[in-house]
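Let me begin by presenting the structure, written as structure tokens, before commenting on it.
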Amino acid sequence: MSLQTFVDRVRARLAELTGLPPEEVRLETPRDASLGDLAFPCFPLARSMRQAPPKIAADLAERLGDLPEVEGRAVGPYLNFTIDRGALARTVVGAVLEQGEAYGGSDEGAGKTIVIDLSSPNIAKPMSVGHLRSTVIGAALQRIFDALGYRTVGINHIGDWGSQFGKLVAAIDRWGDTVDLESDPIKALLALYVRYHEEEANDHSLEEEARAAFRELESGEEGEVRRTWRRITELSLREFDKLYERLNVRFDEVRGESFYEPYLDSTVERIQAAGVTKVSEGALVVDLTSLDPNMPPCLLRKSDGTTLYATRDLAAALHRWELYEFHRALYVVGGEQRLHFRQLKGVLHRMGLDWESRMEHVDFGMLRLPEGKMSTRKGRVVFLDDVLDRAAEEARRIIAEKNPDLADADAIAEQVGIGAVIFNDLKRERIKDVEFVWEEVLTFEGETGPYVQYTHARLASILRKAAAEGGVDEGAADLARLADAAPILARLGRFPDVLRSAGEHAEPSEITQYLLALCREVNSWYAEHRVLGVEAPLSAARLLLIRASKSVVANGLRLLGLAAPEEM
Ligand code: ARG
């Protein structure tokens, strides 16, 4: 049994009374919890029934009859429903505690695969804040879909191909021995990259060397160039992996763009065979103006024969469809690539591949760090490792103040610091830009990761205290006495629906917002109610509420990629 049981019960009866199909009976949550747990707005019926909504509500209330454990009454144009307090508590607490870590999930995705393209940084460069957002959002989505029963495939589409690698190989040839590639590869490669761009202007042989190197790379020849490129790739991935480890992110496939090299010819041939290509100024393109008169053509092959980012993405899409026949394919990539993904889908659409509609660009806004805008070419970059280090340090400082005796403080500071960065990134709708303000990200009192983690630790400490005081017989709990916590119970009961919706919209912020609201409610309830030192049946019921709340907070944190510390 779950909260849904009551919703279904109400929905079925309203369908009977109104003649609407059950799926069209829209139930809302009343703004003011004292009005009830569910609300049925009668406005949409006014036209067909030719009556004022309040009158419809009053009539329906009269004809409602007996609904087990649910009471309905008209409030203005709404029909509001209140679930019997005991039944609500038994149902929700029961479901949360029985299902534990699985609570919130479902099997809606059984037999379906969702492919998630996430993180996808470019080698030889520091990972950017944009890639950080992609990693954090994409990994949260993957966990959400896992919980909803889908088979998920997380793919890191590493940028390891393109003419810039010719430049880098040329730079390594010339100045490789002036830097220390092994101990800090990304900084060393960045220095070479910057130097290349400084010297390129007055030294044209450099450009020629770069072009030759890339040509050799593209030819597939197993020579010096390919060896150097491979070394750059390995060094970069090693650095990225350190970050992934701290963020606790793993991929099912790490497939650089180079992986699709062997597929490019057949991909281009297939697009040509579909009859949608044309030659324009020596380049092979797909015209997309039939889809949108303002859309520029998609370039498949330049006049010098080299392929492009889009060509490789087309090969990747075809490959993924072949391999997974995905239910959805999500590309978690910043909003600046909107045109690219529209073109990608446009080409597939013109080829008559209707599964193109299953591909979604899960775009997001910019994350602005106080350090300002980055420019790799000029060497002005923010290293994400430094950001995470600083977050952990600040968390360590706050913990030292608040809880100087905490055991394992360093490990917890890392969890809190990293959690703060992740939560900040997932807090608002992903399409919005994120302002990163150190003081706000880490505070234990605001809308932050540390606040939610702190609430979790606080609930854990109440349970510890109860156990230390000899424990409580939870079997004796009188759950009907949780009436004053009904809004919390209703919210706990809605968690499965929040998860489903977050998946549908590919929007982890629905979970962050849910957690913030839940924590606020639980904290303010706890400020006004005693859990220990009241009569046993009440104390036991309240402890069960605390246990259930803690469990749901932990589930939410885990889905977002944050640790749920027992103490902090
Ligand atoms: N490496 C690209 C960049 O940093 C992002 C790749 C995103 N994924 C994709 N399939 N295009 O801009």
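Nothing fancy with the numbering, it's 1 onward along the sequence. Counting convention: from 1, in listed order, for ligands and their atoms alike.
- In terms of polar-atom proximity, defined here as any N/O pair under 3.5 Å, Glu257 makes no such contact with ligand 1.
- Annotation: Tyr451 is not in aromatic contact with Phe444 [ring centroid separation under 6.0 Å not met].
- Looking at ligand 1, you'll find an N or O of Asp313 within less than 3.5 Å of one of its N or O atoms.
- In this structure, Tyr514 has its ring center closer than 6.0 angstrom to the ring center of Phe495.
- Near Tyr331, meaning under 4.0 Å from one of its heavy atoms, ligand 1 places the atoms 10 (N).
- Stacking of Lys345 on the aromatic ring of Tyr331 is not recorded, the 6.0 Å distance cut-off and the 45° axial limit not both being met.
- Residue-level proximity to ligand 1 for Phe341 is carried by the side chain, the only part with a heavy atom below 4.0 angstrom.
- Protein heavy atom at the shortest distance from atom 12 (O) of ligand 1 is Gln337 NE2, 2.8 Å.
- With respect to atom 8 (N) of ligand 1, the closest heavy atom belonging to the protein is Asp117 OD1, 3.0 Å.
- Ring geometry for Trp321 against Trp355 counts as parallel: the plane angle stays under 30°, on a 0 to 90° scale with 60° as the upper cut.
- For the pairing with His157, the ring-ring contact (aromatic ring centres under 6.0 Å, His included) check across Tyr260, Phe259, Phe251 returns one residue only, Tyr260.
- For atom 6 (C) of ligand 1, the nearest protein heavy atom (residue, atom name, distance) is Tyr309 OH, 3.2 Å.
- Between the side chain of Asp433 and the main chain of Met366, a donor-acceptor pair closer than 3.5 Å is present.
- Nearest protein heavy-atom neighbour of atom 1 (N) of ligand 1: Asn122 OD1, 2.7 Å.
- Protein heavy atom in closest approach to atom 4 (O) of ligand 1: His131 NE2, 2.7 Å.
- Side-chain N or O atoms of Thr448 include one that pairs as donor or acceptor with a backbone N or O of Thr443 at under 3.5 Å.
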